[in-house]
Visitor: 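Pasting in a structure now, in structure tokens, and then I'll have a few things to ask.
All chains are named by letter (A, B, ...) in the order of the sequence lines, taking the proteins before the strands, and each is independently numbered beginning at 1.
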Number of protein chains: 2
Amino acid sequence: MVQILNRGSTRTSPRAQRKTEARRAEILRAAARVFRRKGVAAAGMREIAEEADLSPGILYYYFSGKDEILQYCQDRTLEHMLAAAEAARATPASTPERLRAVLRAHVQAMLGELEGATAHLEVEALPEGMREAMIAKRDRYEHEVRALVAEGMKRGELAKADAALVTRAMLGAVNWSARWFRPDGKLRSAEVAQSLADYLVRGLTK
Amino acid sequence: MVQILNRGSTRTSPRAQRKTEARRAEILRAAARVFRRKGVAAAGMREIAEEADLSPGILYYYFSGKDEILQYCQDRTLEHMLAAAEAARATPASTPERLRAVLRAHVQAMLGELEGATAHLEVEALPEGMREAMIAKRDRYEHEVRALVAEGMKRGELAKADAALVTRAMLGAVNWSARWFRPDGKLRSAEVAQSLADYLVRGLTK
DNA sequence: CTAGAATTTGAACGATGGTTCAAATTCTGA
DNA sequence: TCAGAATTTGAACCATCGTTCAAATTCTAG
């Protein structure tokens, strides 16, 4: 997890710390919404500031710049998804069921009404130096999912296939939902999550 | 198909026309490579010019600007994919086999060594006014694929499911391959195409 | 060969967007 | 209450990028 430094609060009072922390979180949420709405490249600092009801300059009091904001946004979502993947591993359910759970959580992390975020799909938007660690984390997640797929195949619960490629196909299908999903559409995000997971795992059941 | 106007050649000699046409095609190929390598937003006109071994200004002699270049790039790939989809419809093979053929062609259109292009995945990068027609064309393609999926279900060749959602899942999985595929990787683009198509259609076979 | 048209160049322009910063305002502890 | 620290503002700075254009060069018809 990217360490949250003390930027923007040299004050030590717990009261002030909490307020600073809250401001920072507010900014991140606002940024995540703009990133999701317009894409990272098209999201301007002025727009992020407006979304958070703040002046543009203040963003630089709480963060070093757009890159850092993006980094936190991506990190948060990836951590969330990693947690879901690790939770699934600890579960006694069958491999197909655990795989479905991970995929559902993945979709919800992106499309969820309140905290859905998609910035982590644009790791290349990070500058060199920040990118590597994020890619590593994303890869860790991918490996987690792939391990689940491979385990299912080994146990005979899933049909044999190229686990790496199938994993990428699954993740691609769910990631792409961020492009077409509309909150005001016919399907709720939970339904999308359920149907996608069912279809994708079905492609491997015997 | 977007009409190729006579921009950049008021000359009427067939000889000159052909040369102009060739220059234009060269520019489009160079642009497609840069778009694919860096993404549309990060691809600069100067970089496109350099990729084509030309000066930046000349691009504006052959095209009205970046938007038009992008438009042609997207249009070409979409037309290519549409042609493949329509060809599949005219084929006597089973629905699952036709679906696999379309998906394979789709992957090849993006990852093919020579002409693979991914700019059409970024329709939102087009300005209002150009975007609508491209979205319509993309949707036409999606409908074509969906029709195939629906037909297979109706005929009993494929398991019943939400055809629209499954189609999007399939297209997402193949589109995403543009993000992770590396020409110097373990798998050739044709192998990726084959395996993806197999897995995705398998998710619907009974 | 030569005049006029077509093509090409590259410097400069203007808009955009990330960022900085001096000054103003608000907050906190004593 | 008040001084000093923390926070906030918004105008200005600067780099980047799409684009323009006057001038230079190349091509072609007669």
Visitor: Could you check which of D:dT8, D:dT20, C:dT9 has an atom nearest any side-chain atom of B:Ile58?
Guide: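 The closest nucleotide is C:dT9.
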Visitor: List in chain and number order the residues that pass ring-ring contact (aromatic ring centres under 6.0 Å, His included) with A:His106, two or more places apart in sequence or in another chain; answer none if no residue qualifies.
Guide: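 Testing A:His106 for ring-ring contact (aromatic ring centres under 6.0 Å, His included), a comparison that skips the adjacent residues, returns A:Tyr141.
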Visitor: Are any of the side-chain nitrogens in B:Glu191 or B:Lys186 under 4.0 Å away from the carboxylate oxygens of its partner?
Guide: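 Looking at B:Lys186 together with B:Glu191, the answer is no, because their closest N to O distance does not fall below 4.0 Å.
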Visitor: What are the residues of residues 43-55 of chain A, sorted by number, that bring a heavy atom to within less than 4.0 Å of DNA chain D?
Guide: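 A:Arg46, A:Ser55, in order of number.
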Visitor: Does A:Tyr61 put a side-chain nitrogen or oxygen below 4.0 Å from OP1 or OP2 of D:dT8?
Guide: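 No, A:Tyr61 has no side-chain N/O under 4.0 Å of OP1/OP2 on D:dT8.
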Visitor: Return the nearest nucleotide to the side chain of A:Thr20; candidates are D:dT7, C:dT8, D:dT19.
Guide: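 The answer is D:dT7.
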Visitor: Does a side-chain N or O from B:Tyr62 land closer than 4.0 Å to OP1 or OP2 of C:dT8, or not?
Guide: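 For B:Tyr62, the contact criterion (side-chain N or O under 4.0 Å from OP1 or OP2 of C:dT8) is met.
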Visitor: Could you point out which residue of A:Arg29, A:Arg46, A:Arg37 forms a side chain to side chain donor-acceptor pair (under 3.5 Å) with A:Glu51?
Guide: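 That would be A:Arg37.
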Visitor: Ignoring backbone atoms, test whether B:Tyr60 places a side-chain nitrogen or oxygen under 4.0 Å from the OP1 or OP2 oxygen of D:dT19.
Guide: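 Looking at the OP1 and OP2 atoms of D:dT19, one of them is under 4.0 Å from a side-chain N or O of B:Tyr60.
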Visitor: Please test A:Gln71 against A:Asp67 for side-chain hydrogen bond (donor to acceptor under 3.5 Å, both in side chains), starting from the C-alpha separation and ending with a verdict.
Guide: CA-CA 6 Å; A:Gln71 185 187 36; A:Asp67 294 335; over 6 Å; no
Visitor: Select base, sugar-phosphate, or nothing to describe what A:Gly57 touches, counting heavy atoms under 4.0 Å on all strands.
Guide: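 Since a base atom lies under 4.0 Å of A:Gly57, the category is base.
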Visitor: Show me, pair by pair, the donor-acceptor contacts under 3.5 angstrom made by side chains of residues 110-118 of chain A, not counting sequence neighbours?
Guide:
unit_1: A:Glu115; atom_1: OE1; unit_2: A:Arg76; atom_2: NH1; d: 3.1

Visitor: Assess whether a salt bridge exists between A:Arg131 and A:Glu124, defined as any Lys/Arg side-chain N lying under 4.0 Å from an Asp/Glu carboxylate O.
Guide: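 A salt bridge is absent here (no side-chain N lies under 4.0 Å from a carboxylate O).
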